[in-house]
Amino acid sequence: FGTLGDITMIDSAIARIGLQRRRDDLLSRLDDDSASHGTPTEALGEQVAQLPLSTLQEMRAAEDQLELVENRLGVIDAEEHYRSVPHPVKGGYALMDVQFIGDHGWAVGPMGTILRTEDGGRSWHDVKLATDADLYRVEFANLNEGWAAGGRLRIASTNESMRHDRRGGYGYIFHTTDGGKTWECQFAERGRLLLGLDFVNEDVGFAVGERGYLLKTNDGGDHWAALPTTGTMKWLYGVQFRNPLQGFAVGLAETVIRTDDGGQTWAQVDTSADRRPYGFRSIYRDVAFNGDTGCIVGQNGAVLISGDGGESWSPTATFFKSEIRDLMDLRSVQFVTEKKGYAVGELGTRMMVTEDGGDSWSYRQLPDTEWLRAVWANSEGKVVVAGEREKVLISEDHGWTWEPSRGGYPKADILGMLAHGDDAAINLNAFYAYYAINENKTIVDLGALSDVHSSEYEETYNLEHDRNM
(Lines give C-alpha, C1' and ligand atoms only; values in the text may rest on other atoms or scores of the structure.)
Protein backbone atom coordinates (compact mmCIF):
# COMPACT_ATOMS: atom_id res chain seq x y z
CA PHE A 1 0.00 0.00 0.00
CA GLY A 2 1.16 3.50 -0.81
CA THR A 3 3.55 2.60 -3.64
CA LEU A 4 3.39 1.44 -7.21
CA GLY A 5 6.76 -0.08 -8.02
CA ASP A 6 9.19 2.61 -6.85
CA ILE A 7 6.61 5.41 -7.24
CA THR A 8 4.91 6.69 -4.09
CA MET A 9 1.13 7.00 -4.45
CA ILE A 10 0.33 10.42 -3.03
CA ASP A 11 -3.35 10.61 -4.06
CA SER A 12 -5.40 8.65 -1.48
CA ALA A 13 -8.31 8.51 -3.91
CA ILE A 14 -6.30 6.28 -6.25
CA ALA A 15 -5.41 3.96 -3.37
CA ARG A 16 -9.05 3.89 -2.27
CA ILE A 17 -10.26 2.89 -5.75
CA GLY A 18 -7.71 0.07 -5.83
CA LEU A 19 -8.79 -1.22 -2.42
CA GLN A 20 -12.47 -0.97 -3.33
CA ARG A 21 -11.85 -3.05 -6.44
CA ARG A 22 -9.87 -5.60 -4.45
CA ARG A 23 -12.62 -5.74 -1.81
CA ASP A 24 -15.36 -6.16 -4.44
CA ASP A 25 -13.44 -8.89 -6.24
CA LEU A 26 -12.94 -10.75 -2.98
CA LEU A 27 -16.63 -10.39 -2.07
CA SER A 28 -17.59 -11.83 -5.46
CA ARG A 29 -15.25 -14.77 -4.93
CA LEU A 30 -16.60 -15.37 -1.42
CA ASP A 31 -20.17 -15.34 -2.77
CA ASP A 32 -19.25 -17.90 -5.43
CA ASP A 33 -17.62 -20.14 -2.83
CA SER A 34 -20.33 -19.87 -0.16
CA ALA A 35 -22.42 -22.65 -1.69
CA SER A 36 -19.63 -25.21 -1.27
CA HIS A 37 -17.83 -23.86 1.80
CA GLY A 38 -20.85 -22.68 3.81
CA THR A 39 -20.57 -20.78 7.11
CA PRO A 40 -16.78 -20.10 7.17
CA THR A 41 -16.97 -18.29 3.84
CA GLU A 42 -20.12 -16.37 4.79
CA ALA A 43 -18.42 -15.06 7.94
CA LEU A 44 -15.43 -13.92 5.92
CA GLY A 45 -17.75 -12.12 3.53
CA GLU A 46 -19.32 -10.19 6.39
CA GLN A 47 -15.88 -9.08 7.56
CA VAL A 48 -14.92 -7.84 4.12
CA ALA A 49 -18.20 -6.04 3.42
CA GLN A 50 -17.91 -3.98 6.61
CA LEU A 51 -14.39 -2.69 6.01
CA PRO A 52 -14.28 1.15 6.13
CA LEU A 53 -12.10 2.93 3.56
CA SER A 54 -12.55 6.60 4.41
CA THR A 55 -9.22 7.61 5.95
CA LEU A 56 -5.62 6.59 5.22
CA GLN A 57 -5.48 4.81 8.57
CA GLU A 58 -8.64 2.84 7.71
CA MET A 59 -7.27 1.94 4.28
CA ARG A 60 -4.02 0.62 5.77
CA ALA A 61 -6.01 -1.48 8.25
CA ALA A 62 -8.30 -2.67 5.44
CA GLU A 63 -5.35 -3.79 3.33
CA ASP A 64 -4.05 -5.92 6.20
CA GLN A 65 -7.52 -7.37 6.78
CA LEU A 66 -8.01 -8.19 3.09
CA GLU A 67 -4.67 -10.01 3.13
CA LEU A 68 -5.78 -12.07 6.13
CA VAL A 69 -9.10 -12.98 4.51
CA GLU A 70 -7.43 -13.96 1.24
CA ASN A 71 -5.01 -16.17 3.19
CA ARG A 72 -7.85 -17.83 5.07
CA LEU A 73 -9.85 -18.38 1.88
CA GLY A 74 -6.80 -19.95 0.26
CA VAL A 75 -6.50 -22.45 3.12
CA ILE A 76 -10.23 -23.27 2.84
CA ASP A 77 -9.85 -23.76 -0.93
CA ALA A 78 -6.88 -26.06 -0.34
CA GLU A 79 -8.88 -28.22 2.06
CA GLU A 80 -11.76 -28.41 -0.43
CA HIS A 81 -9.42 -29.28 -3.31
CA TYR A 82 -7.84 -32.12 -1.34
CA ARG A 83 -11.25 -33.57 -0.48
CA SER A 84 -12.42 -33.39 -4.09
CA VAL A 85 -9.63 -35.27 -5.90
CA PRO A 86 -8.27 -38.86 -5.75
CA HIS A 87 -4.87 -39.41 -4.17
CA PRO A 88 -2.10 -41.80 -5.21
CA VAL A 89 -0.56 -43.95 -2.52
CA LYS A 90 2.07 -41.89 -0.71
CA GLY A 91 5.67 -42.99 -0.37
CA GLY A 92 8.71 -43.42 -2.55
CA TYR A 93 8.93 -39.88 -3.88
CA ALA A 94 12.10 -37.84 -4.14
CA LEU A 95 13.17 -36.00 -1.00
CA MET A 96 13.85 -32.39 -1.95
CA ASP A 97 15.24 -30.98 1.30
CA VAL A 98 16.54 -32.19 4.66
CA GLN A 99 17.50 -30.47 7.93
CA PHE A 100 18.76 -31.57 11.35
CA ILE A 101 18.95 -29.97 14.77
CA GLY A 102 20.85 -32.34 17.01
CA ASP A 103 19.30 -35.82 16.69
CA HIS A 104 16.05 -34.37 15.35
CA GLY A 105 15.69 -34.26 11.57
CA TRP A 106 13.10 -33.55 8.91
CA ALA A 107 12.84 -34.21 5.17
CA VAL A 108 10.20 -33.12 2.65
CA GLY A 109 9.20 -34.00 -0.90
CA PRO A 110 6.41 -34.15 -3.50
CA MET A 111 2.80 -35.12 -2.81
CA GLY A 112 2.84 -33.82 0.76
CA THR A 113 5.78 -35.97 1.86
CA ILE A 114 7.14 -35.10 5.32
CA LEU A 115 9.46 -37.41 7.28
CA ARG A 116 10.81 -36.89 10.79
CA THR A 117 13.39 -38.57 13.02
CA GLU A 118 14.34 -38.16 16.67
CA ASP A 119 17.27 -40.59 16.77
CA GLY A 120 19.74 -39.02 14.39
CA GLY A 121 18.26 -40.70 11.32
CA ARG A 122 18.34 -44.34 12.45
CA SER A 123 14.56 -44.45 11.98
CA TRP A 124 12.14 -42.15 10.16
CA HIS A 125 8.42 -41.59 10.70
CA ASP A 126 5.94 -40.58 7.99
CA VAL A 127 3.86 -37.55 8.90
CA LYS A 128 0.26 -37.53 7.70
CA LEU A 129 -0.48 -34.31 5.86
CA ALA A 130 -3.81 -33.64 4.14
CA THR A 131 -2.34 -32.25 0.93
CA ASP A 132 -0.93 -33.32 -2.41
CA ALA A 133 1.20 -30.18 -2.61
CA ASP A 134 4.84 -30.72 -3.56
CA LEU A 135 7.17 -29.58 -0.78
CA TYR A 136 10.58 -28.28 -1.83
CA ARG A 137 12.04 -26.72 1.33
CA VAL A 138 11.92 -27.30 5.08
CA GLU A 139 13.24 -24.87 7.67
CA PHE A 140 13.27 -25.23 11.47
CA ALA A 141 14.14 -22.33 13.76
CA ASN A 142 14.38 -24.60 16.82
CA LEU A 143 13.40 -28.11 17.87
CA ASN A 144 9.70 -27.25 17.92
CA GLU A 145 8.95 -24.62 15.31
CA GLY A 146 9.38 -25.19 11.59
CA TRP A 147 7.96 -24.51 8.15
CA ALA A 148 7.71 -26.37 4.85
CA ALA A 149 7.10 -24.60 1.55
CA GLY A 150 6.16 -25.71 -1.95
CA GLY A 151 3.09 -25.66 -4.11
CA ARG A 152 0.59 -27.38 -6.34
CA LEU A 153 1.32 -27.44 -10.05
CA ARG A 154 -1.39 -26.26 -12.39
CA ILE A 155 -2.64 -28.94 -14.74
CA ALA A 156 -2.52 -28.03 -18.44
CA SER A 157 -4.88 -29.67 -20.92
CA THR A 158 -2.90 -28.88 -24.05
CA ASN A 159 0.72 -28.34 -25.02
CA GLU A 160 -0.08 -24.76 -26.03
CA SER A 161 -1.45 -23.88 -22.61
CA MET A 162 1.52 -25.61 -20.94
CA ARG A 163 3.91 -23.46 -22.97
CA HIS A 164 2.52 -20.10 -21.99
CA ASP A 165 0.34 -18.76 -19.19
CA ARG A 166 -0.75 -22.07 -17.67
CA ARG A 167 2.56 -23.26 -16.28
CA GLY A 168 3.57 -22.88 -12.68
CA GLY A 169 1.24 -23.28 -9.73
CA TYR A 170 -0.03 -22.05 -6.38
CA GLY A 171 2.06 -21.56 -3.26
CA TYR A 172 1.69 -23.58 -0.05
CA ILE A 173 3.33 -23.08 3.36
CA PHE A 174 2.85 -25.38 6.36
CA HIS A 175 3.84 -24.69 9.97
CA THR A 176 4.50 -26.87 13.01
CA THR A 177 5.00 -26.03 16.68
CA ASP A 178 5.52 -29.57 18.01
CA GLY A 179 8.67 -30.65 16.22
CA GLY A 180 6.92 -31.76 13.06
CA LYS A 181 4.42 -34.22 14.56
CA THR A 182 1.50 -32.12 13.30
CA TRP A 183 1.29 -29.30 10.77
CA GLU A 184 -1.15 -26.52 9.96
CA CYS A 185 -1.52 -24.75 6.63
CA GLN A 186 -0.55 -21.07 6.80
CA PHE A 187 -0.70 -20.20 3.10
CA ALA A 188 -2.34 -22.07 0.21
CA GLU A 189 -3.90 -21.88 -3.27
CA ARG A 190 -2.59 -18.35 -3.72
CA GLY A 191 0.24 -16.50 -5.36
CA ARG A 192 2.70 -18.70 -7.24
CA LEU A 193 4.64 -21.92 -6.80
CA LEU A 194 7.20 -21.62 -3.97
CA LEU A 195 10.65 -23.18 -4.37
CA GLY A 196 12.89 -21.47 -1.79
CA LEU A 197 12.48 -20.77 1.94
CA ASP A 198 14.66 -19.18 4.63
CA PHE A 199 13.98 -18.03 8.19
CA VAL A 200 16.33 -15.57 9.85
CA ASN A 201 14.79 -16.29 13.27
CA GLU A 202 11.48 -17.51 14.74
CA ASP A 203 9.67 -14.44 13.38
CA VAL A 204 11.26 -13.24 10.13
CA GLY A 205 11.10 -15.51 7.09
CA PHE A 206 11.14 -15.34 3.29
CA ALA A 207 9.81 -17.60 0.54
CA VAL A 208 10.54 -17.26 -3.19
CA GLY A 209 9.38 -19.00 -6.33
CA GLU A 210 7.79 -18.79 -9.73
CA ARG A 211 8.24 -15.60 -11.78
CA GLY A 212 10.14 -13.67 -9.12
CA TYR A 213 7.47 -14.24 -6.48
CA LEU A 214 8.49 -13.19 -2.95
CA LEU A 215 6.69 -13.61 0.38
CA LYS A 216 7.78 -12.24 3.75
CA THR A 217 6.55 -12.75 7.30
CA ASN A 218 7.47 -10.80 10.42
CA ASP A 219 5.42 -12.90 12.85
CA GLY A 220 6.38 -16.52 12.24
CA GLY A 221 3.98 -16.96 9.36
CA ASP A 222 0.74 -15.77 10.94
CA HIS A 223 0.79 -13.20 8.13
CA TRP A 224 2.53 -13.72 4.80
CA ALA A 225 2.74 -10.63 2.59
CA ALA A 226 3.69 -10.63 -1.08
CA LEU A 227 6.41 -8.09 -1.88
CA PRO A 228 6.44 -7.04 -5.57
CA THR A 229 10.03 -5.87 -5.23
CA THR A 230 12.35 -8.49 -6.75
CA GLY A 231 12.46 -6.79 -10.14
CA THR A 232 12.54 -10.09 -12.03
CA MET A 233 10.09 -12.47 -13.69
CA LYS A 234 12.57 -15.33 -13.55
CA TRP A 235 11.82 -18.33 -11.35
CA LEU A 236 13.68 -18.14 -8.03
CA TYR A 237 14.83 -21.47 -6.58
CA GLY A 238 16.92 -20.59 -3.55
CA VAL A 239 17.12 -17.81 -0.96
CA GLN A 240 19.34 -17.15 2.04
CA PHE A 241 19.60 -14.18 4.37
CA ARG A 242 22.85 -13.48 6.18
CA ASN A 243 20.94 -11.32 8.67
CA PRO A 244 17.45 -9.75 8.80
CA LEU A 245 18.46 -7.14 6.21
CA GLN A 246 20.91 -8.70 3.76
CA GLY A 247 19.85 -11.62 1.61
CA PHE A 248 20.37 -13.27 -1.77
CA ALA A 249 18.00 -15.16 -4.08
CA VAL A 250 19.01 -17.23 -7.12
CA GLY A 251 17.16 -18.75 -10.02
CA LEU A 252 16.47 -19.20 -13.69
CA ALA A 253 18.87 -18.01 -16.40
CA GLU A 254 21.78 -17.18 -14.04
CA THR A 255 19.58 -14.87 -11.97
CA VAL A 256 21.06 -13.56 -8.71
CA ILE A 257 19.42 -10.72 -6.80
CA ARG A 258 20.43 -9.05 -3.54
CA THR A 259 18.66 -7.00 -0.88
CA ASP A 260 20.17 -4.91 1.92
CA ASP A 261 16.91 -3.69 3.45
CA GLY A 262 15.00 -6.85 4.38
CA GLY A 263 13.47 -7.41 0.95
CA GLN A 264 12.02 -3.96 0.37
CA THR A 265 14.30 -3.42 -2.63
CA TRP A 266 16.47 -5.80 -4.67
CA ALA A 267 19.30 -5.33 -7.14
CA GLN A 268 20.57 -7.64 -9.87
CA VAL A 269 24.03 -9.13 -9.28
CA ASP A 270 26.33 -9.97 -12.18
CA THR A 271 27.18 -13.66 -11.78
CA SER A 272 27.75 -15.24 -15.18
CA ALA A 273 28.38 -18.98 -15.30
CA ASP A 274 31.42 -20.40 -17.08
CA ARG A 275 29.41 -22.91 -19.12
CA ARG A 276 26.44 -22.25 -21.47
CA PRO A 277 25.62 -25.34 -23.54
CA TYR A 278 23.72 -24.47 -26.72
CA GLY A 279 23.70 -20.86 -25.54
CA PHE A 280 21.29 -21.51 -22.66
CA ARG A 281 21.99 -19.87 -19.33
CA SER A 282 22.01 -22.15 -16.29
CA ILE A 283 19.41 -22.40 -13.58
CA TYR A 284 20.99 -21.49 -10.26
CA ARG A 285 19.39 -23.87 -7.75
CA ASP A 286 20.73 -22.98 -4.32
CA VAL A 287 22.76 -20.40 -2.39
CA ALA A 288 24.52 -20.80 0.96
CA PHE A 289 26.68 -18.65 3.23
CA ASN A 290 28.97 -19.24 6.16
CA GLY A 291 30.64 -16.06 7.37
CA ASP A 292 31.93 -14.19 4.33
CA THR A 293 32.02 -17.31 2.14
CA GLY A 294 29.10 -17.67 -0.21
CA CYS A 295 28.37 -20.38 -2.78
CA ILE A 296 25.86 -20.73 -5.62
CA VAL A 297 25.27 -24.05 -7.44
CA GLY A 298 23.11 -25.04 -10.38
CA GLN A 299 22.78 -26.58 -13.82
CA ASN A 300 25.71 -27.64 -15.96
CA GLY A 301 27.89 -28.13 -12.90
CA ALA A 302 27.79 -24.40 -12.15
CA VAL A 303 29.61 -23.38 -8.96
CA LEU A 304 30.20 -19.72 -8.05
CA ILE A 305 32.09 -18.57 -4.98
CA SER A 306 32.21 -15.30 -3.05
CA GLY A 307 34.83 -14.63 -0.40
CA ASP A 308 33.62 -11.16 0.52
CA GLY A 309 30.08 -11.66 1.73
CA GLY A 310 28.50 -11.59 -1.72
CA GLU A 311 30.10 -8.40 -3.01
CA SER A 312 31.72 -10.30 -5.90
CA TRP A 313 31.35 -13.80 -7.36
CA SER A 314 33.51 -15.99 -9.59
CA PRO A 315 33.01 -19.47 -11.09
CA THR A 316 35.17 -22.33 -9.84
CA ALA A 317 35.61 -25.28 -12.19
CA THR A 318 35.03 -28.91 -11.36
CA PHE A 319 37.34 -31.59 -12.68
CA PHE A 320 34.63 -33.01 -14.95
CA LYS A 321 35.08 -32.23 -18.63
CA SER A 322 32.76 -29.60 -20.06
CA GLU A 323 30.73 -32.15 -22.04
CA ILE A 324 30.03 -34.15 -18.87
CA ARG A 325 29.12 -30.97 -16.99
CA ASP A 326 26.29 -30.39 -19.47
CA LEU A 327 24.52 -33.34 -17.84
CA MET A 328 25.22 -32.28 -14.24
CA ASP A 329 22.54 -30.49 -12.23
CA LEU A 330 23.71 -29.42 -8.78
CA ARG A 331 20.72 -29.05 -6.47
CA SER A 332 21.95 -28.24 -2.98
CA VAL A 333 24.97 -26.73 -1.21
CA GLN A 334 25.95 -26.17 2.42
CA PHE A 335 29.04 -24.69 4.03
CA VAL A 336 29.74 -25.78 7.61
CA THR A 337 32.68 -23.38 8.01
CA GLU A 338 34.03 -20.62 5.81
CA LYS A 339 36.36 -23.19 4.25
CA LYS A 340 34.44 -26.48 4.22
CA GLY A 341 31.39 -27.09 2.06
CA TYR A 342 29.39 -29.85 0.39
CA ALA A 343 27.31 -29.93 -2.80
CA VAL A 344 25.09 -32.65 -4.29
CA GLY A 345 22.90 -33.18 -7.33
CA GLU A 346 22.83 -35.39 -10.39
CA LEU A 347 26.38 -36.63 -9.91
CA GLY A 348 25.87 -40.37 -10.01
CA THR A 349 27.88 -41.87 -7.14
CA ARG A 350 29.64 -38.75 -5.89
CA MET A 351 29.33 -35.76 -3.58
CA MET A 352 31.40 -32.60 -4.11
CA VAL A 353 33.55 -31.36 -1.22
CA THR A 354 35.71 -28.26 -0.76
CA GLU A 355 38.08 -27.52 2.10
CA ASP A 356 39.50 -24.22 0.85
CA GLY A 357 36.42 -22.03 0.61
CA GLY A 358 35.41 -23.27 -2.83
CA ASP A 359 38.61 -22.52 -4.72
CA SER A 360 38.93 -26.24 -5.51
CA TRP A 361 36.61 -29.24 -5.19
CA SER A 362 37.11 -32.97 -4.79
CA TYR A 363 34.67 -35.87 -4.82
CA ARG A 364 33.59 -38.31 -2.13
CA GLN A 365 32.24 -41.68 -3.19
CA LEU A 366 28.66 -42.55 -2.28
CA PRO A 367 27.36 -46.14 -2.02
CA ASP A 368 24.41 -45.34 -4.26
CA THR A 369 23.50 -44.16 -7.74
CA GLU A 370 20.36 -42.17 -6.91
CA TRP A 371 20.14 -38.54 -7.93
CA LEU A 372 20.48 -36.44 -4.81
CA ARG A 373 18.39 -33.35 -4.11
CA ALA A 374 19.60 -32.10 -0.72
CA VAL A 375 22.56 -32.03 1.65
CA TRP A 376 22.79 -31.03 5.30
CA ALA A 377 25.98 -31.10 7.38
CA ASN A 378 27.57 -29.79 10.55
CA SER A 379 31.13 -28.93 11.49
CA GLU A 380 31.49 -32.05 13.68
CA GLY A 381 31.49 -34.32 10.63
CA LYS A 382 27.88 -35.41 10.23
CA VAL A 383 26.65 -35.24 6.63
CA VAL A 384 23.14 -36.20 5.48
CA VAL A 385 22.15 -36.47 1.82
CA ALA A 386 18.66 -37.14 0.47
CA GLY A 387 17.18 -37.74 -2.95
CA GLU A 388 15.24 -40.03 -5.24
CA ARG A 389 12.89 -42.72 -3.88
CA GLU A 390 13.09 -41.32 -0.34
CA LYS A 391 16.78 -42.24 -0.20
CA VAL A 392 18.67 -40.92 2.84
CA LEU A 393 22.37 -41.63 3.48
CA ILE A 394 24.25 -40.54 6.62
CA SER A 395 27.96 -40.10 7.26
CA GLU A 396 29.58 -39.37 10.63
CA ASP A 397 33.08 -38.77 9.23
CA HIS A 398 32.74 -35.85 6.79
CA GLY A 399 31.47 -38.08 3.97
CA TRP A 400 34.20 -40.72 3.86
CA THR A 401 31.92 -43.61 4.86
CA TRP A 402 28.15 -43.91 4.66
CA GLU A 403 25.23 -45.80 6.14
CA PRO A 404 21.81 -46.09 4.45
CA SER A 405 19.09 -44.54 6.59
CA ARG A 406 15.99 -44.58 4.41
CA GLY A 407 14.84 -45.80 1.01
CA GLY A 408 15.22 -49.02 -0.91
CA TYR A 409 14.94 -50.46 -4.36
CA PRO A 410 11.33 -51.50 -4.85
CA LYS A 411 10.25 -53.54 -7.84
CA ALA A 412 8.95 -51.25 -10.61
CA ASP A 413 5.76 -52.22 -12.44
CA ILE A 414 6.13 -49.42 -14.98
CA LEU A 415 9.32 -47.66 -16.09
CA GLY A 416 9.06 -44.32 -17.91
CA MET A 417 12.02 -42.92 -19.81
CA LEU A 418 12.21 -39.47 -21.37
CA ALA A 419 15.05 -37.63 -23.06
CA HIS A 420 13.06 -34.56 -24.12
CA GLY A 421 9.54 -33.72 -25.21
CA ASP A 422 7.26 -30.79 -24.65
CA ASP A 423 4.12 -32.94 -24.39
CA ALA A 424 5.58 -35.46 -21.96
CA ALA A 425 4.51 -33.75 -18.75
CA ILE A 426 0.92 -33.59 -20.00
CA ASN A 427 0.62 -37.06 -21.51
CA LEU A 428 2.52 -38.97 -18.83
CA ASN A 429 0.67 -37.37 -15.92
CA ALA A 430 -2.66 -38.91 -16.93
CA PHE A 431 -0.97 -42.24 -17.61
CA TYR A 432 0.82 -42.28 -14.26
CA ALA A 433 -2.23 -41.10 -12.33
CA TYR A 434 -4.47 -43.82 -13.75
CA TYR A 435 -2.16 -46.73 -13.01
CA ALA A 436 -1.00 -45.42 -9.63
CA ILE A 437 -4.50 -44.69 -8.31
CA ASN A 438 -6.63 -47.33 -10.03
CA GLU A 439 -4.17 -50.18 -10.48
CA ASN A 440 -1.89 -49.49 -7.46
CA LYS A 441 1.19 -49.81 -9.67
CA THR A 442 4.70 -48.79 -8.65
CA ILE A 443 6.03 -46.37 -11.26
CA VAL A 444 9.62 -45.26 -11.79
CA ASP A 445 10.03 -42.16 -13.95
CA LEU A 446 13.55 -41.91 -15.35
CA GLY A 447 14.80 -38.61 -16.77
CA ALA A 448 17.31 -39.97 -19.24
CA LEU A 449 18.82 -36.55 -19.92
CA SER A 450 18.50 -33.17 -18.27
CA ASP A 451 16.35 -30.92 -20.42
CA VAL A 452 18.44 -27.84 -21.19
CA HIS A 453 15.42 -26.28 -22.88
CA SER A 454 13.77 -26.09 -19.46
CA SER A 455 16.05 -23.15 -18.71
CA GLU A 456 13.84 -21.08 -20.97
CA TYR A 457 10.58 -23.02 -20.51
CA GLU A 458 10.72 -22.51 -16.74
CA GLU A 459 11.20 -26.19 -16.02
CA THR A 460 7.61 -27.24 -15.53
CA TYR A 461 8.41 -30.51 -17.27
CA ASN A 462 11.23 -31.32 -14.87
CA LEU A 463 9.06 -30.45 -11.88
CA GLU A 464 6.54 -32.99 -13.10
CA HIS A 465 9.22 -35.67 -13.04
CA ASP A 466 10.17 -34.79 -9.47
CA ARG A 467 6.61 -35.71 -8.43
CA ASN A 468 7.02 -39.24 -9.74
CA MET A 469 8.98 -41.97 -8.03
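Only a predicted model underlies this, so the values are computations on that prediction, with no experimental measurement involved.
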TODO: For the residue pair Trp147 and Phe199, categorise the inter-ring angle as parallel (less than 30°), tilted (30 to 60°) or perpendicular (more than 60°).
DONE: parallel
TODO: Given side chain to side chain contact (heavy atoms under 4.5 Å, CB included), test Val385 with Val392 step by step and report yes or no.
DONE: CA-CA 6 Å; Val385 297; Val392 180; over 6 Å; no
Task: Derivation of the side chain to side chain contact (heavy atoms under 4.5 Å, CB included) call for Met352 and Val344 - done: CA-CA 6 Å; Met352 293 176 56; Val344 299; over 6 Å; no
TODO: Answer with yes or no whether the side chains of Gln299 and Tyr284 bring together a donor and an acceptor at under 3.5 Å.
DONE: no
Task: Check ion pair Arg242-Asp292 (N to O, under 4.0 angstrom) - done: yes
Open item on the list: Using the ring centroid of each side chain, check whether Trp106 and Phe140 are separated by less than 6.0 Å.
Closed with: yes
Open item on the list: Taking the basic N atoms (NZ, or NE/NH1/NH2) and the acidic carboxylate oxygens, is any pair closer than 4.0 Å for Glu63 and Arg23?
Closed with: no
- [ ] Flag the pair Arg22 and Glu67 as a salt bridge only when some basic side-chain nitrogen lies within less than 4.0 angstrom of an acidic carboxylate oxygen.
- [x] yes
Open item on the list: Measuring only between side-chain heavy atoms, which start at C-beta, is Leu115 closer than 4.5 Å to Val127?
Closed with: no
Task: Salt bridge Asp286-Arg137, side-chain N to carboxylate O under 4.0 Å - done: yes
Open item on the list: Between Phe187 and Trp224, is the ring centroid distance below 6.0 Å?
Closed with: no
Open item on the list: Within the structure provided, determine whether Lys340 and Gln334 are in side-chain contact (heavy-atom separation under 4.5 Å).
Closed with: no
For residues 247-259, please give each side-chain donor-acceptor pair under 3.5 Å, one per line with the distance, not counting sequence neighbours.
unit_1 : atom_1 : unit_2 : atom_2 : d
Glu254 : OE1    : Arg276 : NH2    : 2.7
Glu254 : OE2    : Arg276 : NE     : 2.9
Thr255 : OG1    : Leu252 : O      : 2.5
Arg258 : NE     : Asp260 : OD1    : 3.2
Arg258 : NE     : Asp260 : OD2    : 3.2
Arg258 : NH1    : Glu311 : OE2    : 3.1
Arg258 : NH2    : Asp260 : OD1    : 3.2
Arg258 : NH2    : Glu311 : OE2    : 2.9
Thr259 : OG1    : Asp261 : N      : 3.3
Thr259 : OG1    : Asp261 : OD1    : 2.8
Thr259 : OG1    : Gly263 : N      : 3.0
Thr259 : OG1    : Thr265 : O      : 2.7

- [ ] Look only at the side chain of Glu189 and the backbone of Glu79, and say whether a donor-acceptor pair between them is shorter than 3.5 Å.
- [x] no
- [ ] Decide, yes or no, whether a salt bridge links Arg83 with Glu80 under the criterion of side-chain N to carboxylate O below 4.0 Å.
- [x] yes
Task: Flag, side chain of Glu145 to backbone of Ala141, donor-acceptor distance under 3.5 Å - done: no
Task: Note, Asn144 side chain near Thr177 side chain (heavy atom, < 4.5 Å) - done: no
TODO: Kindly indicate whether the side chain of Val200, heavy atoms from C-beta on, has any atom under 4.5 Å from the side chain of Asn243.
DONE: no
Open item on the list: Is there a side-chain contact between Leu26 and Glu70 in this structure, where contact means two heavy atoms from C-beta onward sitting under 4.5 Å apart?
Closed with: yes
Open item on the list: How long is the straight-line distance from OG1 of Thr182 back to CG of Leu129, given to the nearest 0.5 Å?
Closed with: 10.0 Å
Open item on the list: Among residues at least two apart in sequence or on other chains, which ones pass ring pair (Phe, Tyr, Trp, His ring centres under 6.0 Å) with His104?
Closed with: none
Open item on the list: Between Thr217 and Asp203, is the side chain to side chain contact (heavy atoms under 4.5 Å, CB included) condition met? List the steps.
Closed with: CA-CA 7 Å; Thr217 180; Asp203 296 319; over 6 Å; no
- [ ] Could you tell me whether the side chain of His87 and the main chain of Tyr82 form a donor-acceptor pair under 3.5 Å?
- [x] yes
- [ ] Give, for atom CD of Gln186 and atom OG1 of Thr176, the distance between the pair rounded to the nearest 0.5 Å.
- [x] 10.5 Å
- [ ] Return the minimal non-hydrogen interatomic distance between Val75 and Cys185, and the atom names on each side.
- [x] CG2-O, 3.7 Å
- [ ] Using modelled atom types only, decide if a donor and an acceptor are shared between the side chain of Ser306 and the backbone of Trp313 within a distance under 3.5 Å.
- [x] no
Open item on the list: Would the distance check show the side chain of Asn290 and the main-chain N or O of Val336 forming a donor-acceptor pair, the cut-off being under 3.5 Å?
Closed with: yes
Open item on the list: Strictly below 4.0 Å, N to O, side chains only: are Asp329 and Arg285 in salt-bridge contact?
Closed with: yes
Task: Pair Arg406 + Asp126, salt bridge at N-O below 4.0 Å - done: yes
Open item on the list: If you count heavy atoms of other groups shown closer than 6.0 angstrom to OH of Tyr170, is the number above 12?
Closed with: no
Open item on the list: Can a donor-acceptor pair be found, under 3.5 Å and without considering hydrogens, that links the side chain of Gln246 to the backbone of Phe241?
Closed with: no
TODO: Determine, for Phe100 and Lys382, whether the Lys NZ or Arg CZ falls below 6.0 Å from the six-membered ring centre while staying within 45 degrees of the axis.
DONE: yes
Task: Side-chain touch Tyr342/Val383, heavy atoms, less than 4.5 angstrom - done: yes
- [ ] Test Tyr213 against Val208 for side chain to side chain contact (heavy atoms under 4.5 Å, CB included), laying out the working first.
- [x] CA-CA 5 Å; Tyr213 194 63; Val208 298; over 6 Å; no
Open item on the list: For a quick check under 3.5 Å, do His125 and Glu118 share a side-chain donor-acceptor pair by atom type?
Closed with: no
Open item on the list: Can a side-chain donor-acceptor contact be found between Ser282 and Asn300 if the only test is distance below 3.5 angstrom?
Closed with: yes
- [ ] Could you tell me whether a side-chain N or O of Asp134 sits under 3.5 Å from a main-chain N or O of Gly150, the two making a donor and an acceptor?
- [x] no
Task: Distance-only donor-acceptor check, side chains His223 and Asn71, under 3.5 Å - done: no
Open item on the list: I'd like to know if the side chain of Thr117 and the backbone of Trp124 have a donor-acceptor N/O pair within less than 3.5 Å.
Closed with: no
